[in-house]
Amino acid sequence: MFRAAGVAAFALLIASGAHAQAVDPNQWLEEVETPRALDWVKAENGKTLPVLTGDKRYQSLHDEALKVLSATDRIPTPHFEGEAVFNFWQDATHVRGVWRKTSRASFKTANPQWETVIDLDALSKAENANWIWKGADCRGPKYDRCLVRLSNGGKDAVQIREFDMATKTFVAGGFNLPEGKQNVGWFDDDTLVLSRDWGAGSLTDSGYGMIAKTLKRGQALADAKEIFRGQTKDVSAGARVMKDGAGNRIVVLSRATDFFNTEYSLLTDAGAARMSLPTRSSIQGFVNGELIVTLEEAWTAPGGKAFQAGALIAATPAFLTGKGGEAPALLFQPNPRQSIDQVGVTKNRVVAATYDNVRGRVMAFEKHAGHGWMSKQLPAPENASVSLVAASDVDDAVFYSAESFLVPTELKLADAATGAAETVKTSPARFDAANYVVEQHEATSKDGTKVPYFLVRQKGLKFDGLAPTILHAYGGFQLSKLPVYDPVVGKLWLERGGAYVVANIRGGGEFGPAWHEAALKANRQRAFDDYYAVAEDLIARKVTTPRHLGIYGRSNGGLLMGVSLTQRPDLYNAVVVESPLLDMMRYHLLPAGASWIGEYGDPTKPEEAAWIAKYSAYQHLKPGVKYPLAYITTSTKDDRVHPGHARKFAARMKDLGAPYLYYENTDGGHANGADPKANAKRWAMHYVYLSRQLMD
């Protein structure tokens, strides 16, 4: 009776063309941790776990994933705190992890001498807490105190505590900020600048802080002094303390009116002074008194100097606030097939990871008196993915990595001043890549756009359509999918005979702002059409067929999966829908959802709701359609993409009698920040499902 009533109610919802709150029979599943919602989750997990963990392949997949994720010979990711090199490390012994440090010279050796600073396993045990590490912010130039961010179960919301580096203890009576989504920085040794939940009326509709205040040592939160305020309709508003190697300090005030547009101001003695930067721009750093900025739109600066979208520029705060100074200067202008992926600053220089047709290089920029900004290229392999890892603020040292689908990561330490670089760490091969080759192809999308994609396949592949193939993409928020070395994919999929594809669809940042903007809001369908074009190209090349083609995506990529399932269920036999956005008619009402209106549009506006309704996957599940078995998975502690999306989608499929598997991990949050064992289980379940669907 309930199932029939649910289907009927949902049919009314679709027919009405509106996602009315009173009509949706599954809306109660948005109650994250109520007993009835958790009982539903427990029942669904109880059905899925025996299927996936009971498969004969599960244990070997789990053990191989755990070996990769907890390997002690993997590269420790470094970050600089003054002269020291710090790292957060997890393995089979340190399940929750240790924050540790060593000297730069020791880090370069085969066996660095690490000093434990915080043992998260011991802390969690002592406090009977479920702490997951979210990083630390240490005050320079002494680096003697740090603000440590701790998350309960992996949520984006964190508790922040002041930590004494000398005694390795939390400071008694020091700064201690209760849990919340908050941003904080050191203004001076005894003052913080922060935005957070200050009580009623202090959050935006997206659930982020909109009021920035200063908090002095010993001062109660209620007594903090307001310095800046945004509006409730903003995504967020806050303050960022920026210091350069020359000793300059500024406070940049920002008001994000949507996910991509931000108004910048400078805190002065007279209050906030608006900067003339365009709203589609990002402040990347502060070097020798100049702000380093990437432009996501064309800009003509005061005085008439023009810059194109995608440019990397430098400008003084004085000029940007109308107080004089020289005009902004160009550091780098990408062409239409290039992009800037990351920007970092050292004490005196700017470094950037850039891409040319999705192939990376690292550039360093230095200002020369009378000659402007000059660049040099730092050493990196050809046809590789590059990533900035850490930049020092006490000299011009920079760590960066290089890798590709089949070549393990190497970590380099370079001097951005001289351009000299040395490889200090190389990751061991985690899978046998000898029998594989990487190709870059292009598919033609519905509107004629050429969409590049990478195919990782066996060298001797017979093009008979029988290759079990996973197609992965993201397609949103100007985030690029790059050719990275993924040992889990390699060990659990490639070594077992599978092929792997990464599609660079529109909505991403592979070719700069224009590639992203092409699939924004009303044009979202272009990203989906690009994805289908790649799938069809793989089939046309006889790499695979729908019977052996599986797709995987998470977060915005989970939206892509839901839409792909409902729009083109004929193209694949496996769909992994992870941490997804699926009910796009209500996404703005769920935590953090309103912050993405700049990407998707506003369902409260009829004309924008009309675009969204055309693809919102939850509403487009229909009776009588033959869907492939979907694997839908999320986390209870995900406070970024609400678990209600995944829950309701599974419940709707159940109401329709459509095939699905559902699993919800209780910890990890959106970033899957749980321990290696939990992540090994997660990956093993993914690949059991994919193997069952594509290889059996």
Side-chain angles (χ1 to χ4, degrees), residues 78-80 140 240-250 252 254 262 264 266 275 277-278 280-296 299 301 305 307-320 325-335 338-356 360-380 386-402 412-421 478 480 509 512-513:
H79 66 272
F80 292 108
R240 178 182 176 189
V241 181
M242 305 189 76
K243 303 174 185 177
D244 67 11
N248 299 300
R249 180 187 65 188
I250 59 174
V252 174
S254 60
T262 300
Y264 295 106
L266 186 71
M275 288 195 266
L277 285 171
R280 286 187 59 82
S281 61
S282 301
I283 295 176
Q284 303 286 359
F286 189 44
V287 176
N288 291 326
E290 292 189 87
L291 288 168
I292 307 302
V293 181
T294 49
L295 301 177
E296 279 77 56
W299 178 51
K305 191 169 185 178
F307 300 92
Q308 299 175 39
L312 177 65
I313 68 168
T316 63
F319 177 90
L320 294 173
E326 62 183 278
L330 178 70
L331 278 68
F332 178 63
Q333 177 63 61
N335 68 35
Q338 294 177 326
S339 65
I340 298 170
D341 190 61
Q342 294 173 288
V343 178
V345 298
T346 63
K347 182 178 182 180
N348 298 300
R349 288 165 176 82
V350 179
V351 289
T354 67
Y355 280 83
D356 191 328
R361 60 178 178 165
V362 179
M363 302 176 69
F365 302 89
E366 177 184 5
K367 190 173 185 179
H368 293 264
H371 298 283
W373 289 85
M374 311 291 285
S375 68
K376 60 170 64 75
Q377 190 166 329
L378 302 182
V386 295
S387 179
L388 303 181
V389 178
S392 173
D393 61 359
V394 298
D395 57 19
D396 291 311
V398 57
F399 282 112
Y400 63 95
S401 65
K412 292 182 177 291
L413 176 60
D415 183 341
T418 66
Q478 205 172 321
S480 304

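Quick caveat, the model's predicted, so the values are computed rather than measured. All residue numbers refer to positions in the sequence shown, counting from 1.
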Q) Any side-chain heavy atom of Phe307 within less than 4.5 Å of one from Pro328? A) yes

Here the gap from Ile313 atom CD1 to Leu277 atom CG, rounded to the nearest 0.5 Å, amounts to 6.0 Å

Taking every heavy atom of Phe80 against every heavy atom of Ala391, the minimum-distance pair comes out as CD1-C, 3.5 Å

TODO: Compare all side-chain heavy atoms of Tyr400 with those of Leu378 and state whether any distance is below 4.5 angstrom.
DONE: yes

| Within 6.0 angstrom of Gln333 CD, more than 12 heavy atoms from elsewhere | yes

Evaluate the ring planes of Phe365 and Phe332, with Trp represented by its six-membered ring, and classify them as parallel (under 30°), tilted (30 to 60°) or perpendicular (over 60°). tilted

Counting C-beta onward and ignoring hydrogens, is there a side-chain heavy-atom pair between Thr346 and Ser392 closer than 4.5 Å? no

One should read off an interatomic distance between Ile250 CD1 and Arg240 CZ, to the nearest 0.5 angstrom, of 9.0 Å

The reported gap from CG in Asn335 to CG in Asp356 (rounded to nearest 0.5 angstrom) is 6.0 Å

TODO: State whether the side chain of Tyr355 and the backbone N or O of Val386 hold a donor-acceptor pair below 3.5 Å, judged by distance alone.
DONE: yes

For Gly509 and Ser480, the nearest pair of non-hydrogen atoms, with its separation, is C-OG, 3.0 Å

Using a cut-off of 6.0 Å, state whether more than 12 heavy atoms not belonging to His371 lie near its atom NE2.
-> no

Separation between NZ (Lys305) and CD (Glu326), nearest 0.5 Å, reads 8.5 Å

Here the gap from Arg249 atom CZ to Phe286 atom CZ, rounded to the nearest 0.5 Å, amounts to 11.0 Å

Scanning both residues in full, the closest heavy-atom pair of Asp244 with Gly289 reads OD2-N, 2.6 Å

Residues Ala416 and Ala364: closest non-hydrogen pair is O-CB, 3.8 Å

Contacts satisfying salt bridge (Lys or Arg N to Asp or Glu O under 4.0 Å) that involve residues 344-353 (not counting sequence neighbours) are Arg349-Glu366, Arg349-Asp396

Are Ser375 and Leu331 side-chain neighbours, meaning at least one heavy-atom pair lies under 4.5 Å? no

Minimal heavy-atom distance between Ala397 and Leu413, with the atoms involved, is CB-CD1, 4.2 Å

- [ ] Check whether any side-chain N or O of Lys412 sits under 3.5 Å from a backbone N or O of Ala402 as a donor-acceptor pair, and report yes or no.
- [x] no

ask   = Are Met275 and Val252 side-chain neighbours, meaning at least one heavy-atom pair lies under 4.5 Å?
value = yes

Using side-chain heavy atoms (C-beta onward) and a distance below 4.5 Å, is Leu312 in contact with Thr354? no

Side-chain contact test, heavy atoms from C-beta onward, threshold under 4.5 Å: evaluate it for Pro317 versus Tyr264 and give yes or no. no

Heavy-atom nearest pair, Pro334 first then Ser339, reads CB-N, 4.1 Å

Between the CG atom in Asn348 and the NZ atom in Lys367, the distance rounded to the nearest 0.5 Å is 12.5 Å

